[in-house]
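Read through the structure below, which is laid out as structure tokens, and then see the notes.
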Amino acid sequence: MSTRPPSPAPATHRDLASLDASQLSVLGLLLLGNDPDEIVVAAVLDIEPDSARSAIEVLRADGFVDERDTLVEPHRRRLAGVLGEKRVHALARRLLTHHVAAGTLTLPVARAVAKTGVRSSELSEFLCSRAQLADPSEAVSLYGDAERVGRLDDAAVLGYAEACALSGDLDTAVGLADSVLERSASVSDADLAAAVRVSAAGAAYCGMIDRSAELYAWLGPNRVGSDASVAASVLVVAGRLDEAQSVLAASAGAPPTATTAGAALVATGLVHSVTGSANAALNSLTRALSLPGRAARPRVLPDSPAAITALAALHCGELAHAEAVLARARERDRPGSVTANRHHLLTAWTSMVRGDLPSAQARLDSLDVDTMHQRDLLFVHGLRVGLARRTGDNAALLQAWAGAQGVLAEYSVDLLSLLPLGELWLTSIRVGEAARITHLVEDAQSLVRTLGEPAMWASALHWYGVQASILAECPADLIPHARALGEASKVSAYAAGLAGAGRAWLRVLQGDIDVAAVEDAARTLDRIGLPWDGARLAGEAALRASDTRVATALLQVARTLRQPAATATGAEPATVAGPSAPGTLTDREAEVAELLVQGLTYREIGSRLYISAKTIEHHVARIRRRLGAESRSELLSMLRAMGHGTTSDTARS
């Protein structure tokens, strides 16, 4: 039987210490990212090409270099120590000098040389030029290398700041931008405008749009250049319409690129949203998203055009429009970026308003909230309290309200934050802590008054005011909001729907339950994108109705409206199971409901039905979800309206 000869020992058995000076230097060049090219090696080490070729061949044969001409890992880890810092530094300097002179510097060599600490303006400039072409996270690293080996000029500092902002590192981004602003007397107008844009974006992300507006007010229309439309958008959102229009008037000379044209349409749309019609505003905003061509490099902005457009659509009940805009934006987003998080948040908000609570919760749960800044956190907390309020989960509501306090303590109000502020306003009343948010509500009301009560933005705020008055059981406080909605209804169909609903609410609170009027108002709310609000109106009217048939009819309206509609994309959303007609509980649920209405405790019901009190608790929770009841009292009223408890009443009589 023949035996196979043993395999030869691996060629890597030789130690680095056995190599001569030329061979170690060749390995040093490989460590610095250079290819084992005999011409380059000979030139850098100042040896003959034959000697360079011989050294390279020995290193390959002895296993120091693999088949891809790469230094093998065990030797890579030890080589720097064998060569010593001084020798590595000298090799890096000579390698860099050669490639710069020959115009052959590559990114791997540049980055490896930079890590040795060699100071070189040429190396710094090369790294900055590559950073301009890289994605934001890679650009941050490249700019960091460039800063380590040379002094960055203003343009490079601002590129570094922009990359940091796009990567979510606002502290570094704003610090870099401020370092340019501090030298404003010696900085070009274009660089000043870029520095202000980065700082303004950072302030906006942190929920301080007033700081963003102050930055642009300081810069002024004469220095803002091609960022004039960005400045105007910030000023409108901050409530400074006159300044915004002045800046726009001075921006006629901006180059007509797709980027500047898109920004101009956003600014124009925002101005129209305050001074004109909602349709004109949405037209301009949407056209900004449809322009062909994209910027060569991403730019950090105080808010994304898609987010502004979606929020405008939400404020006038155009949920399908908002969903379509956000769906297209999400296709282009970098996963985990600031804009991606914002677009996902607004998509969740749209789902919540539509009534698709499971989808809204699932999208919210998928986000990394710990990486978000104050502006988006306000929407996170608004979503949390909004979902808890709509599901009647008081424990979750209290927890969400407590979690929002840090953001509320720091936030300054702007046009784009009215929706989460409204949800938190209602929650503050529900939990008995309205004073904690009064200053922000007053700021919001002052903002819309300053802008002349624009129907597109003020209507949503006044609708929250109507609901706040109802929750606080202060019908008199409802009247000013109803009047404001009535005035806005002259120019806005959305406001007209809200105004009609406000009048219906007032009549319900006064005990005037007109089934047709309530149903019409509730279905109008559904048509303008507020199905949950319509269901709540119908449900509240049912609770106050003395006639069982009236209550039953209104409860059916409420249940119908609480079923979420299909999404704009045609996919069927997740739904909460519910009966299609009054009284369609399961047999066991009907038994529990009957005894619950009679006033029995969970323990007493359990003893009657021979099941545990805990099981009864689960049955009651399911019944409550089926009917969409927000409280125990509402649940009991709904069950009575459905006929539960009447058998025992008859028996007792």
Side-chain angles (χ1 to χ4, degrees), residues 161-162 164-178 196-216 230 233-239 300-304 306-308 310-311 314 333 336-349 352 363-387 399-425 427-428 433 436-444 447 457 461:
E162 189 129 45
C164 288
L166 290 169
S167 299
D169 184 0
L170 288 189
D171 287 340
T172 301
V174 173
L176 289 166
D178 283 353
V196 165
R197 178 168 49 78
V198 173
S199 286
Y205 292 170
C206 292
M208 296 183 287
I209 201 71
D210 51 350
R211 160 70 178 162
S212 305
E214 285 299 329
L215 283 162
Y216 277 115
V230 178
S233 295
V234 166
L235 291 164
V236 173
V237 171
V300 62
L301 296 169
D303 207 347
S304 81
I308 294 171
L311 282 166
L314 284 168
D333 284 334
S337 65
V338 173
T339 53
N341 286 338
R342 185 143 175 85
H343 297 155
H344 278 284
L345 272 173
L346 294 180
T347 301
W349 195 279
M352 179 181 75
R363 192 171 289 275
L364 177 59
D365 291 342
S366 71
L367 293 171
D368 184 2
V369 174
D370 292 339
T371 64
M372 293 183 182
H373 301 287
Q374 304 302 82
R375 179 190 64 188
D376 290 341
L377 286 175
L378 186 73
F379 275 85
V380 168
H381 294 304
L383 273 166
R384 285 175 175 167
V385 299
L387 289 167
Q399 184 178 14
W401 170 250
Q405 298 312 303
V407 174
L408 290 175
E410 301 175 5
Y411 210 87
S412 64
V413 172
D414 59 70
L415 279 184
L416 303 182
S417 64
L418 298 180
L419 296 179
L421 177 63
E423 289 293 334
L424 289 160
W425 180 10
T427 300
S428 72
E433 296 185 358
R436 284 181 172 269
I437 202 172
T438 299
H439 63 293
L440 292 178
V441 173
E442 291 175 349
D443 287 348
L447 174 65
W457 303 102
L461 183 65

- Query: Do R342 and D303 meet the salt-bridge criterion of a basic N to acidic O distance under 4.0 Å?
  - Reply: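 Salt bridge between D303 and R342, a charged N being under 4.0 Å from a carboxylate O: yes.
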
Could you tell me whether the side chain of [Y] reaches within less than 4.5 Å of the side chain of [X], counting heavy atoms only?
X: W425; Y: V385; result: no
X: L387; Y: L364; result: yes
X: L421; Y: I437; result: yes
X: W401; Y: R436; result: yes
X: Q374; Y: M208; result: no
X: L166; Y: S337; result: no

- Note on the structure: The side-chain contact (heavy atoms from CB on, under 4.5 Å) partner of L367 among L345, D376, L383 is L345

- Query: Who passes side-chain hydrogen bond (donor to acceptor under 3.5 Å, both in side chains) against H373, sequence neighbours left out?
  - Reply: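 So H373 forms no side-chain hydrogen bond (donor to acceptor under 3.5 Å, both in side chains) with any residue.
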
- side-chain contact (heavy atoms from CB on, under 4.5 Å) between L311 and F379, worked out: CA-CA 12 Å; L311 282 166; F379 275 85; 3.8 Å; yes

To the nearest 0.5 Å, what is the distance between [atom1] ([X]) and [atom2] ([Y])?
X: L415; Y: S233; atom1: CG; atom2: OG; value: 11.5 Å
X: M352; Y: L346; atom1: CE; atom2: CG; value: 11.0 Å
X: L440; Y: L418; atom1: CG; atom2: CG; value: 11.0 Å
X: Y205; Y: L301; atom1: OH; atom2: CG; value: 7.0 Å
X: L419; Y: W457; atom1: CG; atom2: CH2; value: 8.0 Å
X: R384; Y: Q399; atom1: CZ; atom2: CD; value: 8.0 Å

- Answer with yes or no whether the side chains of S366 and H344 bring together a donor and an acceptor at under 3.5 Å. no

Would you name the heavy atoms of [X] and [Y] that are closest together and state the gap between them?
X: G168; Y: V338; result: CA-CG2, 4.3 Å
X: A200; Y: S212; result: O-OG, 2.7 Å
X: G239; Y: L447; result: CA-CD1, 3.5 Å
X: A161; Y: A173; result: O-CB, 3.2 Å
X: L424; Y: H381; result: CD2-O, 4.2 Å
X: A177; Y: S199; result: CB-OG, 3.5 Å

- Task: Determine yes or no for a side-chain-to-main-chain donor-acceptor pair under 3.5 angstrom, with S412 supplying the side chain and G207 the backbone.
- Result: yes

- Task: For T371 and D368, indicate whether the former's side chain and the latter's backbone hold a donor-acceptor pair under 3.5 Å.
- Result: yes

